[in-house]
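A short worksheet on the structure shown next.
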2 protein chains.
Amino acid sequence: MDTAERLIRSTQELLWERGYVGTSPKAIQQHAQAGQGSMYHHFAGKSELALAAIRRNAEELRAEAESALSRPGTAHEKISAYLHRERAILRGCRIGGLAQDPDILASAELRQPVTETLDWLHARLTAVLAEGVTHGEFPADLDPATTATTISAVVQGGYVLARAAGSEAPFTQAVEGVEKLLLSKQL
Amino acid sequence: MDTAERLIRSTQELLWERGYVGTSPKAIQQHAQAGQGSMYHHFAGKSELALAAIRRNAEELRAEAESALSRPGTAHEKISAYLHRERAILRGCRIGGLAQDPDILASAELRQPVTETLDWLHARLTAVLAEGVTHGEFPADLDPATTATTISAVVQGGYVLARAAGSEAPFTQAVEGVEKLLLSKQL
DNA sequence: GTCTATAATTAGATAGAC
DNA sequence: GTCTATCTAATTATAGAC
């Protein structure tokens, strides 16, 4: 693996664990086993490297979510597969976590991939729920877009509660609760 | 207002907006209009001041949540009052947001009030939902503790989605969605 | 209690040698 | 491409005068 690649992957890890404000160029260099000069040769600075890492994290998140949401089966099975997919719960969401970072929110460039990824996820969840309504799996009064936002919020909030508690249990329970509420809507 | 009080309140504001890692002693001093010496006279350092500010934010959060949850009416009305209480949505949750901060999570002392406050909220939501089940407002198969975690997660996740989008809409929609799911459980 | 001086460390980067 | 030297500002304090 070349240096630029090691730098990006190290930044992905550190952004995920410590956020943008909590990640220094020095920490990135040490994690990537690259020198100062090397880092500044490949990237103009911290924010440019962070942008590459955030985009990469966004790509990976989309691929993993899409894998669950495009599996064969009913709409409920797809949502369930998404909710129960393997996650490093205590690390939090690699994209959603950045929404708490003041420097990310202050930069239109760094914020864009965060916004776009969550918008994409919302659209995918909405499409799957709409498919469920069309097939008579859910009642016609279930609004796909609204419910998609709720499901996405349960996942993001589940991460927050789990990290605060230092335990995966709140995430698991939050997901279980929303699934039960959704199941009771099934015809 | 005396200096110690101004320092605590300034730290409350800054922790809420920028987190612990993103808040420097200098920024606190400027916001509080206090000098270096003054700050270090009243508090041993950043973390001691942050602890006081986090505890204060936790108290305020509890008071505001309790105000909604103890209003007269049905369980559903209490939950609804909690969900729709006035919030500075784009600022995020003053307690939940800290669960994303690496230095908060790494310190048992700073983390404790975060954990405790969310645990308290969970217990209060659970009690109100249990009351709703007892009174026949919700079906007996609704598990209060699980549903309380889901509701709490929707709120925390709603904040995350709203901040990422730069709009209050996702929060409002996430709350609306969980309320509709909950209403459909009503007898 | 508050102020100013001082300081060790890190953050974030530039310049130029190799 | 990578390394080392250098640099300015910020971070997080401590010391001692007033």
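Letters A, B, ... are given to chains in the order of the sequence lines, protein chains preceding strands, and every chain is numbered from 1.
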## Note on the structure
Nearest heavy-atom contact between A:Arg163 and A:Glu17 is NH2-O, 4.3 Å

### Query
Just how far, in rounded Å, is P of D:dT11 from CD1 of B:Ile28?
11 Å

#### Entry: Nearest listed nucleotide, side chain of B:Lys26, among C:dA11, D:dA10, D:dT2
D:dA10

### Summary
To the nearest angstrom, the CD-C1' distance between B:Gln33 and C:dT2 comes to 14 Å

### Task
Assign B:Gly35 to base, sugar-phosphate, or nothing according to its heavy-atom contacts below 4.0 angstrom with the strands shown.
sugar-phosphate

### Query
Would B:Arg87 count as a cation-pi partner of B:Tyr82, with NZ or CZ less than 6.0 Å from the six-membered ring centre and within 45° of the ring normal?
yes

#### Entry: Protein-nucleotide distance (A:Glu48, atom CD; C:dG12, atom P), rounded to Å
16 Å

### Task
Grab the CZ-P distance between A:Phe43 and D:dG1 for me, whole Å please.
12 Å

### Message
Is the phosphate of C:dA11 approached by A:Ser24 (side-chain N or O, under 4.0 Å from OP1 or OP2)?
### Response
yes

### Task
Let me see the working for A:Thr149 and A:His122 under side-chain hydrogen bond (donor to acceptor under 3.5 Å, both in side chains), right down to the final yes or no.
CA-CA 6 Å; A:Thr149 302; A:His122 180 259; 2.8 Å; yes

### Closest listed nucleotide, where the reference is the side chain of B:Tyr40 and the choices are D:dT12, C:dA11, C:dT2
D:dT12

### Summary
Only residue of A:Leu129, A:Ile79, A:Thr126 satisfying side-chain contact (heavy atoms from CB on, under 4.5 Å) with A:Thr147 is A:Leu129

#### Entry: Phosphate-side-chain proximity, A:Thr3 and D:dT2, N/O vs OP1/OP2 below 4.0 Å
yes

Could you list all N or O pairs between the protein and nucleotides 6-8 of chain C that sit under 3.5 Å apart?
none

### Message
Working note: B:Glu60 + B:Arg55, criterion salt bridge (charged side-chain N to carboxylate O under 4.0 Å, His left out); need CA distance, chi angles, decisive distance, verdict.
### Response
CA-CA 9 Å; B:Glu60 292 178 5; B:Arg55 286 187 174 143; over 6 Å; no

### Message
Rounding to an integer number of Å, can you tell me how far A:Leu14 CG sits from C:dA11 P?
### Response
12 Å

### Message
Without decimals, in angstroms, what is the distance between B:Leu49 CG and D:dT11 P?
### Response
15 Å

#### Entry: Below 4.0 Å: OP1/OP2 of C:dT2 and any side-chain N or O of B:His42
yes

#### Entry: Distance in angstrom units between B:Tyr20 OH and D:dT11 P, rounded
13 Å

### Query
Whole-Å distance between C:dT9 P and B:Lys46 NZ?
18 Å

## Note on the structure
With the side chain defined as heavy atoms from C-beta on, B:His41 is closest, among D:dG1, C:dT2, C:dA11, to C:dT2

### Query
Is the NZ or CZ atom of B:Lys46 positioned over B:Tyr20's six-membered ring, under 6.0 angstrom from the centre and within 45° of the axis?
yes

### Query
Stepwise, does the salt bridge (charged side-chain N to carboxylate O under 4.0 Å, His left out) test hold for B:Glu13 with B:Arg94?
CA-CA 9 Å; B:Glu13 295 290 323; B:Arg94 67 200 114 174; over 6 Å; no

